[in-house]
Number of protein chains: 4
Amino acid sequence: MKRKRDLRKQEILQAALDVFGRTDFQRACISEIARKAKISEGTIYFYFKNKEDLFFSIPAQKIEEFCEGLEFHLQGIQDAPGKLTKMIWFYLYFFKTNPVYARILMLEMSVSKRFSKSITFDRIPVFTDRILEIVREGQEKGFFRKDLDGCLVRDILLSFLEYRVTRWLLNEESYELLENYGEIFDFIQETQRPCRQGIFSFEGLGIPSTVSSFKPPQ
Amino acid sequence: MKRKRDLRKQEILQAALDVFGRTDFQRACISEIARKAKISEGTIYFYFKNKEDLFFSIPAQKIEEFCEGLEFHLQGIQDAPGKLTKMIWFYLYFFKTNPVYARILMLEMSVSKRFSKSITFDRIPVFTDRILEIVREGQEKGFFRKDLDGCLVRDILLSFLEYRVTRWLLNEESYELLENYGEIFDFIQETQRPCRQGIFSFEGLGIPSTVSSFKPPQ
Amino acid sequence: MKRKRDLRKQEILQAALDVFGRTDFQRACISEIARKAKISEGTIYFYFKNKEDLFFSIPAQKIEEFCEGLEFHLQGIQDAPGKLTKMIWFYLYFFKTNPVYARILMLEMSVSKRFSKSITFDRIPVFTDRILEIVREGQEKGFFRKDLDGCLVRDILLSFLEYRVTRWLLNEESYELLENYGEIFDFIQETQRPCRQGIFSFEGLGIPSTVSSFKPPQ
Amino acid sequence: MKRKRDLRKQEILQAALDVFGRTDFQRACISEIARKAKISEGTIYFYFKNKEDLFFSIPAQKIEEFCEGLEFHLQGIQDAPGKLTKMIWFYLYFFKTNPVYARILMLEMSVSKRFSKSITFDRIPVFTDRILEIVREGQEKGFFRKDLDGCLVRDILLSFLEYRVTRWLLNEESYELLENYGEIFDFIQETQRPCRQGIFSFEGLGIPSTVSSFKPPQ
DNA sequence: TATGAATGAGCGTTCATTCAT
DNA sequence: AATGAATGAACGCTCATTCAT
């Protein structure tokens, strides 16, 4: 009967995703999740330790989905640049098609000390390593600049991807997340001429680019 | 007596910074801020519309501080690479020396839809533009790669800086934020040989690199 | 306005006595106390830290009442036996006329580790010392046996008084608490003949005498 | 298979003693008792009507233990003073060596109206009668004062014993319960000279002597 | 301007008990 | 005999905000 237990757990997690997705952690309430899952409130506490435990358990299922989807899309691609492009595309595509989860992950979990210490966080597999692997492969095969440290490249890519998804969410998903995703790894390629000046920019979209964007006093 | 009013407002904001800095927005409470500021709770509502208004008013004073500090440090530096290095250094240095504000800005405001729509957010001067200006100057003078779009470069720099500060905060400020800050703009420079492979990396510090770090299923 | 504050506190305590008196601590609920006191629930928390604090604050007012009443009744009595008799009478009389408070004190507080560590408990003045004083006075003047330790006598008296009140409460206050109160200090008097065999006993009342009353196995 | 049923019942009662002994009735929970007894929660309800029934069933086994132990220790003692001393010693010794049970009996059951009406309570054998028997025997043989009513003496002894155990428990069992137990029946003996003034007293131990200890206002 | 008492809605969590299997 | 998933009522406590003074 392990099966049944897992099934019930999934039902609760699905209801939780719905409810947590609509508002923030604090405002979401257990009673609504229970109602959505068609069970009593007490039952939730049979499957999860508390509200936070339930919240932090949401990513687990989504991570699997992400990884399966990623490997599916990488099939058959041979060259490193192709793989990296695909990864970037899939990353953005995944969050575009899972905006509710994106909101939870990017605007709540990614910023939570408690999540960064939770079991779920530790169990998050290293998507990172996959990127690093491909970056190094690309460097060895002569596709990418060899003078940039692989880990630095990986971190730049990840931070920029997170940044783009976060901006998109804060702007009510009002524009196309997948626009211009190709330019993202221009910087790891050998210098090309002529440059693609002006192609990639948020400015044309009227989006304030970052929290850190201060205007100096005149 | 406009003077006195502003003074009192600053006192409240200082108390608010203390209190909001210690825990998150929800948990912080007005009564404690009032106690810290040595006024009654009711008085706070004379100076600020509500709790959120008070919260979102905190950055304003800090932004001025940041900008003044930045301009001060940029004095006398002529070349674009020098300026950019200084900016990166100062950005990290500022948050290192203002960790409480860093927490509020990076882990709460930067992720809040309501803040991104608030008056305070709009009044944030474009630090961004300063970076873009220097990047373009560097490209024109031949210091930086010309084939990368200036806005892209700016956004990569900003996202990576935010990323580093955020990681540092989530890891309880347990390591040196200013370590290896120079490598950050390697990527905008022309390819160099020999490469500085391995110098910059979070890995050596045992820091989980990002929320998005998934391990692919084997 | 200190006056008003104290007044309000007393109102809440009165309502609390009513409600806590009816059932036990766990079952009593704040909402009912608030209703009784005609205030909102939140207000209770303005005057008391929490439910337990409110509960443990009840004795304070009653203790004053007790002490004032005691001193009032002791007025004009000169001899130690007369004083002691009066004290015993007043003790029983007080709880007879304050059965609700008696229940709270004897069946809940007197058995609570947390109460025995609470501030209220520490502030309970030493009624004990008054007894000891009178016992010693009676010994010196030759009214009471000199060979019994004063503290022992005091503790025997106190434990027996508590015992009688407790029994009375557990038996639904179904008999007269003040019956035979005089015999209680027979034991401190010099041996008298003829003895008053059989006068004082719970047995005639059909009251199980104590928790510790075991029947030996036949 | 009546045998097996009783065995299982005993296992549950043992687990219940462990759990109820650690905290109070309200806080103790069935699930923990089930875990301790290595059975499921539902099974407990096969053996006991409900939580309270289980709780009130605990003394039965302990009472037998007590009575057997008492009779064992009384063997061979001829004189009434010797028997009474032994009883007092054993009473204190028993609770000293069964502190968990002591807590349940003295701080919870002895104060519960529902227990004083429960079947278990009625089945408690009259330890009382044994004391009364010995007291009267001592009086007839001329060992004890004849002018004190036997029932009064019995009740004084019982209340004082309960009192000492209760104080000891409330003080976290931090001192020696068996200290000075001999003085307890000084009062039933004929007046002796010289007196043993000061030998028995709680004061030297720094123990607050009773809940009822009020200090009179000066 | 400033106070601070009062509000009152809102929600997470517990756990004894049941009952289908 | 035994299980253990499911129930669901019940309640203490918080705290931003208001408003009479």
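Computed from a predicted structure; not experimentally measured. Residue numbers start from 1 in every chain, and the chains themselves are labelled A, B, ... in the order their sequence lines are given, proteins ahead of strands.
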Mind listing the closest non-hydrogen atom pair of B:Leu17 and B:Val100 along with its distance?
O-CG1, 3.4 Å
Length of the CZ-C1' vector between D:Phe46 and F:dG4, whole Å:
17 Å
Quickly work out the A:Arg8 CZ to F:dG4 P distance and round it to whole Å.
17 Å
Give, for atom CD1 of B:Ile12 and atom CZ of B:Phe48, the distance between the pair rounded to the nearest 0.5 Å.
5.5 Å
Rounding to an integer number of Å, can you tell me how far D:Lys38 NZ sits from F:dT3 C1'?
18 Å
Can you give one letter per nucleotide of nucleotides 12-21 of chain F, going 5' to 3': B for a protein heavy atom under 4.0 Å from the base, S for sugar-phosphate only, - for none?
SBBSSBB---
Pick base, sugar-phosphate or nothing for A:Phe48, based on heavy-atom distances below 4.0 Å to the nucleic acid.
nothing
Checking salt bridge (charged side-chain N to carboxylate O under 4.0 Å, His left out) for the pair B:Glu172/A:Lys113: CA distance, chi angles, key distance, verdict?
CA-CA 8 Å; B:Glu172 314 280 10; A:Lys113 274 187 190 174; 3.4 Å; yes
C:Leu7 atom CG is separated from E:dA5 atom P, nearest whole Å, by 14 Å
Interatomic distance, CZ@A:Phe55 vs CD1@A:Ile33, rounded to 0.5 Å, equals 9.5 Å
Can you tell me how far P of F:dC11 sits from CD of C:Glu32, to the nearest Å?
10 Å
Please classify the nucleic acid contact of C:Ile39 as base, sugar-phosphate, or nothing, using heavy-atom distances under 4.0 Å.
sugar-phosphate
Without decimals, in angstroms, what is the distance between D:Phe55 CZ and E:dA16 P?
13 Å
Under a 4.0 Å threshold between the charged nitrogen and the carboxylate oxygen, would B:Lys9 count as salt-bridged to B:Asp6?
no
For DNA chain E, the dot-bracket notation using Watson-Crick and G-U wobble pairs below 3.5 Å, [ ] for pseudoknot-type crossings and | for other-strand pairs, is .||||||||||||||||||||
Check the phosphate of F:dG4 against A:Arg5, side-chain N and O only, distance under 4.0 Å to OP1 or OP2. Yes or no?
no
With nearest nucleotides of DNA chain F determined for D:Ser40 and A:Tyr47 from heavy-atom distances, which residue corresponds to the more 5′ nucleotide?
D:Ser40
Answer yes when C:Arg35 and C:Glu32 have at least one side-chain N-carboxylate O distance shorter than 4.0 Å, and no when they do not.
no
Distance, rounded to the nearest Å, where C:Ile44 contributes CD1 and E:dT7 contributes C1':
13 Å
Rounded to the nearest 0.5 angstrom, the CZ-CZ distance for A:Arg5 and A:Arg8 is 11.0 Å
Reported OH-to-CG distance for the pair D:Tyr45 and D:Leu54, which is rounded to 0.5 angstrom:
8.5 Å
What is the distance, to the nearest angstrom, from the CD1 atom on A:Ile33 to the P atom on E:dG10?
18 Å
Nearest heavy-atom neighbours spanning D:Lys51 and D:Gln26
NZ-O, 3.4 Å
